[in-house]
Amino acid sequence: MTTPSRLNIIPLETDVLVIGAGLAGCMAAIKAAEKGDLRVTMVDKSNSLASGAAASGIDHIWSYIPPVHEKMGYTIEDMAEDHRVGTAFGFLRKDLFYLIAGTMYERVLDLERFGINFRYEDSKTPGRFRIVQQFQSVPTSFNFDGRPLKVKLTAEAKRRGVNIVNRVHMTDLIETEGQIAGAAGVGTRTSDIYFFRAKAVVLATGRSNRLSRNPSGINFNTRIPGPLSGDGKSMAIRANLSIINGEFLGGRLLTPCGYYNPNYGDPRNTVQPAARIVDSEGKVIVDRTEFYDWGKLGQEPFDAAESRRKWLEDRNDWRRKRGALPKRILKGEGPFYLDLSEATDCEKEYIRWSISHEGKGTQFLRYFQDEEGLDLREDCQEYAGFANRELSGTAAMGVWVTSDLETDMRNLFGAGDEVGGVPWAASPGAFTMGWHAGHMAAGRAREAKAFLPAHDDAVKARREVCANILTGERGFHWNEVELYIQNLMDFYCGEVRGKELLERGLERLQYARNAKLRAENPHELARALDVMSIMDNAEMVLRASLERKESRPAFDFYRGDYPEQDDKNWFVFLALRKEGGGSFSFRKIPIEG
Amino acid sequence: MPFRHIYFKKDFCSGCNMCVDVCMCDALAPNPTKGEPPIEQYPDECWFCGCCVTFCPRADKGAIEIVTPFPMRGAFAKTKGQVAK
């Protein structure tokens with residue numbers, strides 16, 4: 001490979017810039033381009049046809065569903081309370097929850113218009129939906145044909161005139177007097193430096209990933225796509241914005257195969273819950289989930305408090321039993337299995353259908369069925385579902401925003417998994433926050449008469465960083481440095497954290513920051529930029545873990561030196577911010593009930 | 001890591017490079033010879049999303065195939081009712 005001498009600076013102007021073309025980014029761009037009066041540009045480090053956490057599909061989204069829940073007598077306030085106590089363990093931005101739950105149904109109707117199927121002849125629900133239980137005490141999650149989502153959303157964005165720029169890894173936010181003025185990025189196939197000027201920007205790059213070693217030994221065998229490296233949070237912290245819940249980012253997963261594991265029918269945990277968890281003797285640990293009887297919808301009065309009480313009782317029992325599995329393994333017990341022998345043929349077919357629309361599901365199915373001869377009627381799947389800590393991966397950690405999704409920087413909005421404060425916001429968070437952020441950004445772009453002067457200091461600095469990585473005799477390959485960070489996080493920021501270990505972790509992180517990275521080509525340069533984002537994310541997790549001086553078992557956050565939960569001092573969102581001089585500050589943000 | 005998990009069938013792959021276009025990880029590269037199957041340039045950066053297969057216009061002929069790497073295999077117990085009594 002020859003070293004490219006490109007590094008050309010490519011200047012571009014747009015009214016609204018959307019960073020990240022996953023579900024949130026696509027929805028933001030589609031909404032911002034609705035009236036056709038603005039130039040809207042959407043940038044992705046991959047290809048919007050297949051990028052983001054839902055790149056290859058998603059089969060479920062939770063929502064308040066008026067035609068169903070009104071008939072049931074279940075209100076959106078009931079749903080918010082279910083989510084607050086049963087799913088978010090109190091750590092919930094209720095304002096953002098109402099934005100998500102209260103507008104997701106409208107977005108479902110939009111998605112139908114964009115060509116996604118949500119209706120099924122065999123359904124007994126109003127609207128002929130397929131609805132299952134997930135994060136609240138009653139069924140609130142649509143199952144649907146979500147595999148083509150990204151193709152349909154990309155087509156809709158194009159139809160509305162959105163300029164899609166693929167294969168650009170965004171690296172820097174450019175600010176002028178407290179307002180967003182643009183952003184910079186690097187072409188992943190060209191190493192050219194992109195300099196966008198924009199009147200309003202939506203940041204939607206998704207979750208932080210690759211902070212922990214994968215037990216399978218395969219780098220990118222992670223739950224969410226490998227390319228997601230927390231670039232938005234990295235940009236945000238370097239732009240002096242606040243990040244909350246960094247300490248709750250999950251640790252490593254305990255499984256023999258990594259995340260090539262569909263968890264067919266995992267009870268309670270996902271949306272195909274017809275299996276039961278059994279031990280190697282066949283003894284049942286967790287019973288299968290019973291599906292809601294739609295025949296009784298609206299037939300009997302609904303008691304929200306009683307519904308919640310029963311659900312919490314069951315959910316806590318499930319958590320306790322499931323949470324005990326890793327400890328049982330340490331005692332020499334296990335393995336454990338998912339067993340579908342109590343599922344009906346119809347339910348097994350439903351599982352197959354559902355999985356085929358979710359993420360890597362198509363590959364799972366093909367491999368397990370064609371190569372391993374999997375027979376859901378007779379075979380048990382080894383159960384690797386005890387990754388409780390992953391909760392925080394689903395948007396608990398993220399940028400602090402207003403109720404209208406604006407960050408501390410005027411005209412810069414966050415959306416989807418970029419935003420902190422709603423655990424398990426996930427895809428509904430992306431669809432709804434994306435839409436609203438697009439609406440807000442378009443409004444601000446219309447208000448702005450001209451572009452702000454945008455300094456090119458950050459662009460020139462980024463060019464220099466890239467030139468340095470692409471040149472020189474020696475330097476470390478990105479993957480070496482990434483493995484170093486993952487080892488560091490697993491050791492110094494593992495299951496139980498403590499002051500000295502975390503401080504030593506920060507020292508060693510600084511050692512990694514001083515490493516000279518070397519890339520042979522644009523692809524390796526882009527991966528080196530991933531690693532730089534990963535370092536920023538690792539630092540946020542280490543620093544926030546050091547600051548939170550309590551343990552919080554609900555999030556699997558344990559401080560050996562502060563073993564008790566301390567609600568008096570720590571029932572707060574902890575916001576981390578980098579100050580102008582490079583030091584970090586914290587503030588405690590009260591959680592509104 | 002030297003994985004070998006993306007296979008092209010020369011007889012069916014037209015070298016259209018759709019898989020290269022959509023690969024989120026940029027794991028594939030076009031073949032320098034036009035019309036030939038792409039090259040799996042960075043096999044250990046695959047996320048196994050399967051988009052290279054689902055987007056392939058000749059997927060039904062098996063022009064491209066993902067083979068699950070060995071460390072990720074064998075997650076099912078062939079129980080035939082042995083485990084769940």
Side-chain angles (χ1 to χ4, degrees), chain A residues 45-47 49-52 55-56 147 151 166-167 188-189 216-222 225-227 255-258 260-262 276 278-284 335 337 339-342 359-364 366-368 371-375 378-382 384 479 523 526-527, chain B residues 1-7 16-30 32 38-57 59-85:
Chain A
K45 74 199 284 190
S46 298
N47 180 334
L49 284 170
S51 65
S56 43
R147 178 150 288 273
V151 174
N166 288 322
R167 307 289 173 190
T188 65
R189 289 179 173 180
S216 70
I218 296 170
N219 280 340
F220 280 26
N221 181 16
T222 47
T255 151
C257 301
Y260 204 64
N261 199 322
R276 45 193 197 168
V278 300
D279 66 15
S280 50
E281 305 277 285
K283 197 166 159 245
V284 177
Y337 296 91
D339 162 33
L340 276 163
S341 58
E342 280 192 353
K360 294 178 273 196
T362 302
Q363 285 312 304
F364 289 145
R366 192 207 55 74
Y367 158 63
F368 287 125
E371 292 187 53
E372 302 286 0
L374 164 71
D375 182 345
E378 295 190 328
D379 300 332
C380 280
Q381 185 196 345
E382 211 171 306
N479 199 17
H523 178 84
R527 288 278 172 255
Chain B
M1 277 283 232
F3 298 116
R4 298 189 197 96
H5 59 261
I6 297 189
Y7 287 86
C16 75
N17 290 320
M18 188 64 197
C19 52
V20 180
D21 272 358
V22 297
C23 176
M24 68 162 88
C25 302
D26 243 351
L28 303 169
I39 295 159
E40 193 185 12
Q41 194 164 13
Y42 302 105
D44 53 350
E45 291 170 40
C46 174
W47 186 65
F48 315 96
C49 70
C51 287
C52 53
V53 177
T54 48
F55 279 82
C56 174
D60 56 333
K61 294 191 167 68
I64 181 168
E65 188 192 342
I66 300 180
V67 175
T68 302
F70 208 78
M72 288 152 66
R73 301 175 83 96
F76 276 86
K78 306 301 290 180
T79 63
K80 307 290 177 200
Q82 299 287 301
V83 166
K85 284 167 190 153

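Throughout, a chain's letter reflects where its sequence line sits, starting with A, and its residues are numbered from 1.
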**Student:** Under a 4.5 Å cutoff for heavy-atom pairs, which residue among A:E371, A:K45, A:R189 has the most contacts with chain B?
**Tutor:** A:R189
**Student:** When only pairs under 4.5 Å are counted, which of B:I66, B:V22, B:V53, B:D26 shares the most heavy-atom pairs with chain A?
**Tutor:** B:D26
**Student:** Does the A:R147 side chain pair with the main chain of A:S56, one donor and one acceptor, at a distance under 3.5 Å?
**Tutor:** yes
**Student:** What part of B:C51 gets within 4.5 angstrom of chain A, counting heavy atoms only: side chain, backbone, both, or neither?
**Tutor:** side chain
**Student:** Given heavy-atom pairs under 4.5 angstrom as the criterion, report whether the side chain, backbone, both or neither of A:Q363 touches chain B.
**Tutor:** side chain
**Student:** Give a yes-or-no answer on whether the side chains of A:H523 and B:Q41 include a donor-acceptor pair shorter than 3.5 Å.
**Tutor:** no
**Student:** Check each atom of A:V151 against the heavy atoms of chain B and say whether the ones under 4.5 Å are side chain, backbone, both or neither.
**Tutor:** side chain
**Student:** What option among A:P335, A:G359, A:G52, A:G226 has the most heavy-atom pairs under 4.5 Å with chain B?
**Tutor:** A:G226
**Student:** Does any part of the side chain of B:C52, heavy atoms only, come nearer than 4.5 Å to the side chain of B:L28, both counted from C-beta?
**Tutor:** yes
**Student:** Heavy-atom distance under 4.5 Å to chain B: side chain of A:F364, backbone, both or neither?
**Tutor:** neither
**Student:** Flag the one option from A:A50, A:P225, A:G361, A:A526 with the top tally of heavy-atom pairs under 4.5 Å to chain B.
**Tutor:** A:P225
**Student:** Quick one: CG on A:N47 to CZ on B:F55, what's the gap to the nearest 0.5 Å?
**Tutor:** 7.5 Å
**Student:** Counting N and O atoms only, with roles assigned by atom type, does the side chain of B:R73 sit under 3.5 Å from a partner on the main chain of B:T68, one being a donor and the other an acceptor?
**Tutor:** yes
**Student:** Between A:E342 and chain B, which part of the residue has a heavy atom less than 4.5 Å away: side chain, backbone, both or neither?
**Tutor:** neither
**Student:** With the side chain counted from C-beta on, respond yes when B:Y7 and B:E40 share a heavy-atom pair under 4.5 Å apart, and no when they do not.
**Tutor:** no
**Student:** Anything under 30° is parallel, anything over 60° is perpendicular, the rest tilted; go ahead and classify B:H5 against B:F48.
**Tutor:** tilted
